[in-house]
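Report on the following structure.
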Amino acid sequence: MSNYSIALYMRLSVEDTLTDSLSIPNQRLILREKAMSLPEYENGELMEFVDNGHTGMNFERPAIQELLTLVQAGKVDCIIVKDFSRFGRNSIETGYFIERVFPLYHTRFISVSDDFDSQNYKGDTGGIEVAFRYLISECYSRDMSIKTRSAKYAKMRRGEYQSVICPYGYRKSADDRMEPDDETADVVCKIFILASQGLSAAGISRKLYEEKIPTPGEHKAAKGKPYHDVSRSNGVWSSSTILRMLRDERYIGTYIIGKREVKEIGGTRMRLKDEDKWIKIPDHHKAIIDKELFETANSMIRGYSISNRQQHSYPLKGKVFCGYCDHAMARKGTGKHVMYYCRHAEVSDALICNGLQVRAVELEQAIFDTIKAQIRPTLGIDTDKDTLNFQTMQQSEIEKKILSLQNRKRRLYEQYVFNEIDLESYKYQKKQIDVELVKVQNAYTTISSKAKQAQTDYEMKQKHQAVAQEVSESKSLTQSLSDRLINRVYIFKDNQIEIDYATKDFLVPD
């Protein structure tokens with residue numbers, strides 16, 4: 001006899017941590033006691049699934065996704081939760097799984113605290129009482145989320161709530177507030193002074209590189225806090241980082257928080273709020289820069305504002321990268337004289353990609369010629385449906401044989417029921433039909449696999465032909481071809497390029 005699979009699902013959100021009875025150990029104890037009380041436990045196999053720190057308002061949770069995958073594979077006979085809210089607080093989605101999905105896969109669902117066992121509700125889902133529990137759980141979650149957010153904002157307005165990470169130039173003090181960092185505060189001062197003297201962001205970046213001052217990411221990594229990937233920085237400060245620092249009012253002692261909010265209650269996706277809705281508390285902590293220097297630096301520096309710029313579209317937009325430092329290459333020039341160049345390496349002649357550039361027109365033509373050469377064999381591919389039609393015809397014939405054998409088996413049983421044949425004759429003939437049915441079903445499995453592969457091959461060849469036709473009709477690289485065929489283009493010295501194709505199966509012939 002096969003094992004009876006029992007899944008114990010536990011969930012704890014950030015808000016629920018305030019309630020000790022909802023802790024993971026307490027849930028585990030309750031669920032195990034319930035599992036042990038089931039008659040199936042003696043022949044059962046327990047599995048545990050835990051989502052710690054995840055909201056119940058959606059099902060984007062790793063453990064619940066793993067559990068649902070096993071349910072769909074028919075590997076879970078029973079699911080036990082402490083209450084409906086542990087499984088999910090969204091009444092519609094939770095009800096859908098309990099009422100529709102689990103019965104489809106013959107999966108029993110038990111909610112201990114709600115005294116709900118789907119086995120006791122054959123053809124029913126618990127009625128209005130269960131529906132009200134769904135709604136109460138959902139309303140509780142929303143109310144708890146709102147209260148938690150309100151308490152957090154109250155702390156923010158009092159200046160009590162602090163971010164985990166301090167901005168570059170600051171560190172956490174003994175009382176968990178921000179204070180100037182002796183190692184980096186002077187660098188912040190240097191940046192503002194250079195900006196007030198009229199130096200551009202690129203010029204400041206070059207100056208910091210010459211003095212071998214680590215970037216903010218490199219500094220944190222050296223302190224054992226690898227929050228950012230610094231493998232591509234090579235000690236070069238990003239101009240955008242410098243501009244962002246120059247606009248940051250925290251350096252003059254103003255506390256800024258509440259810049260983002262969740263898009264929906266219980267969700268994790270964030271959006272930036274309008275600046276007039278940010279919480280700003282002047283003179284909250286010790287300033288690194290005085291207000292006069294801050295204002296002078298910001299009046300001198302020329303920020304990058306793209307709101308009034310004309311947006312240009314070109315085939316390789318966002319796809320050209322430096323083959324050495326892996327940074328996106330910038331564009332300069334106009335018309336036929338537009339060049340791609342590695343702006344990241346402009347700070348020093350010592351960097352290998354310093355001076356790396358390529359003319360846009362020549363790059364696009366080289367890529368188009370390469371694609372055209374590689375795709376030419378595809379034009380000769382035969383896309384006729386003979387193979388597909390043959391496989392489909394065979395599949396249809398076998399389906400008819402299976403149906404015929406099943407009908408014979410049913411008629412044979414009817415003959416036995418109406419005493420037209422005896423038991424021995426029925427068993428003998430049924431065995432012969434079963435043997436033949438197994439052979440035909442095995443043949444059907446094989447031919448179905450071949451038919452499916454033939455369908456896939458046919459569709460792939462059609463797609464290849466469509467792309468090949470578009471290439472043959474084009475005179476240069478188009479936006480459509482670039483979007484369909486290219487992920488990235490890497491540029492190297494000596495006119496060497498490397499294309500990362502989005503569609504590799506036929507662009508790189510065997």
Side-chain angles (χ1 to χ4, degrees), residues 156-157 159 163 165-171 177-220 228 233 235-260 271-312 327-328 330-334 341-348:
M156 290 179 184
R157 292 187 183 95
S163 301
I165 304 172
C166 290
Y168 181 80
Y170 282 100
R171 66 185 179 190
R177 296 177 71 85
M178 288 198 306
E179 65 178 10
D181 184 352
D182 295 337
E183 295 184 33
T184 55
D186 289 342
V187 179
V188 175
C189 289
K190 180 187 290 291
I191 291 172
F192 276 89
I193 291 172
L194 291 173
S196 67
Q197 294 173 351
L199 208 60
S200 66
I204 295 173
S205 174
R206 189 177 297 108
K207 187 74 173 176
L208 297 175
Y209 180 82
E210 291 172 356
E211 297 183 14
K212 300 188 185 304
I213 296 175
T215 66
E218 290 172 338
H219 173 75
K220 289 174 183 176
H228 310 285
S233 62
V236 179
W237 283 66
S238 168
S239 294
S240 60
T241 298
I242 294 171
L243 290 171
R244 190 165 53 248
M245 290 175 62
L246 290 170
R247 299 190 186 102
D248 196 337
E249 294 180 50
R250 288 178 295 181
Y251 292 120
I252 57 174
T254 301
Y255 183 53
I256 304 176
I257 202 162
K259 296 169 66 174
R260 292 175 175 81
R271 62 185 169 202
L272 185 67
K273 297 191 293 187
D274 294 335
E275 188 171 353
D276 59 355
K277 295 181 180 179
W278 298 357
I279 296 174
K280 294 186 178 183
I281 303 176
D283 304 319
H284 173 268
H285 51 268
K286 187 176 181 180
I288 295 178
I289 305 299
D290 60 57
K291 293 182 181 179
E292 184 180 353
L293 177 58
F294 182 86
E295 292 172 358
T296 302
N298 275 273
S299 65
M300 296 295 292
I301 198 76
R302 186 178 67 179
Y304 296 113
S305 176
I306 62 171
S307 57
N308 297 323
R309 288 186 184 176
Q310 182 181 357
Q311 296 295 311
H312 297 283
H327 282 83
R331 283 167 56 103
K332 62 181 178 181
T334 57
Y341 70 103
C342 185
R343 183 169 57 193
H344 180 77
E346 287 191 319
V347 298
S348 173

Are the side chain of S205 and the backbone N or O of A201 linked by a donor-acceptor pair below 3.5 Å? no
Do I193 and L293 have side chains that approach each other closer than 4.5 Å (heavy atoms only, starting at C-beta)? yes
For the residue pair L246 and I191, establish whether any side-chain heavy-atom pair is separated by less than 4.5 Å. yes
Please check this pair: side chain of T184 against backbone of G169, looking for a donor-acceptor N/O pair closer than 3.5 Å. yes
Taking all non-hydrogen atoms of both residues into account, name the closest pair between Y170 and A287 and its distance. OH-CA, 3.7 Å
What salt bridge (Lys or Arg N to Asp or Glu O under 4.0 Å) pairs are there with at least one residue in residues 197-212, not counting sequence neighbours? K190-E211
On a heavy-atom basis, the closest approach of T241 and P216 is CG2-CG, 4.3 Å
Measure across P180 and A185 and return the closest heavy-atom pair with its distance rounded to 0.1 Å. CB-CB, 4.3 Å
Side chain of H327, backbone of S233: donor and acceptor closer than 3.5 Å? no
Could you check whether E183 pairs with R171 (Lys NZ or Arg NE/NH1/NH2 to Asp/Glu carboxylate O, under 4.0 Å)? no
E179 and K286, any side-chain heavy atoms less than 4.5 Å apart: no
Side-chain heavy-atom pair R247, L243 within 4.5 angstrom cut-off: yes
Yes or no on side chain to side chain contact (heavy atoms under 4.5 Å, CB included) for I252 and D290, after CA distance, side-chain angles and deciding distance? CA-CA 6 Å; I252 57 174; D290 60 57; over 6 Å; no
Check M245 against W237 and note the closest heavy-atom contact, atom names and distance. SD-CZ3, 3.8 Å
Which atoms form the tightest heavy-atom contact between G235 and E218, and what is the distance? N-OE2, 3.0 Å
Could you go through the side chain to side chain contact (heavy atoms under 4.5 Å, CB included) check for Y168 and V187 one step at a time? CA-CA 9 Å; Y168 181 80; V187 179; 3.5 Å; yes
Check: E292 main-chain N/O paired with E295 side-chain donor or acceptor under 3.5 Å: no
Measuring from atom CD of E249 to atom CZ of F294, what distance do you get when rounded to the nearest 0.5 angstrom? 5.0 Å
Looking at K280, I want to see if its NZ is surrounded by more than 12 non-hydrogen atoms of other residues, nucleotides or ligands under 6.0 Å. yes
Can you tell if the side chain of R244 reaches within under 4.5 Å of the side chain of S238, non-hydrogen atoms only? no
Test item: T296 and F192 side chains (from C-beta on) under 4.5 Å apart, heavy atoms: no
A side-chain contact here means heavy atoms from C-beta on lying under 4.5 Å apart; do T254 and R250 qualify? no
Minimal heavy-atom distance between K220 and C166, with the atoms involved, is NZ-O, 4.2 Å
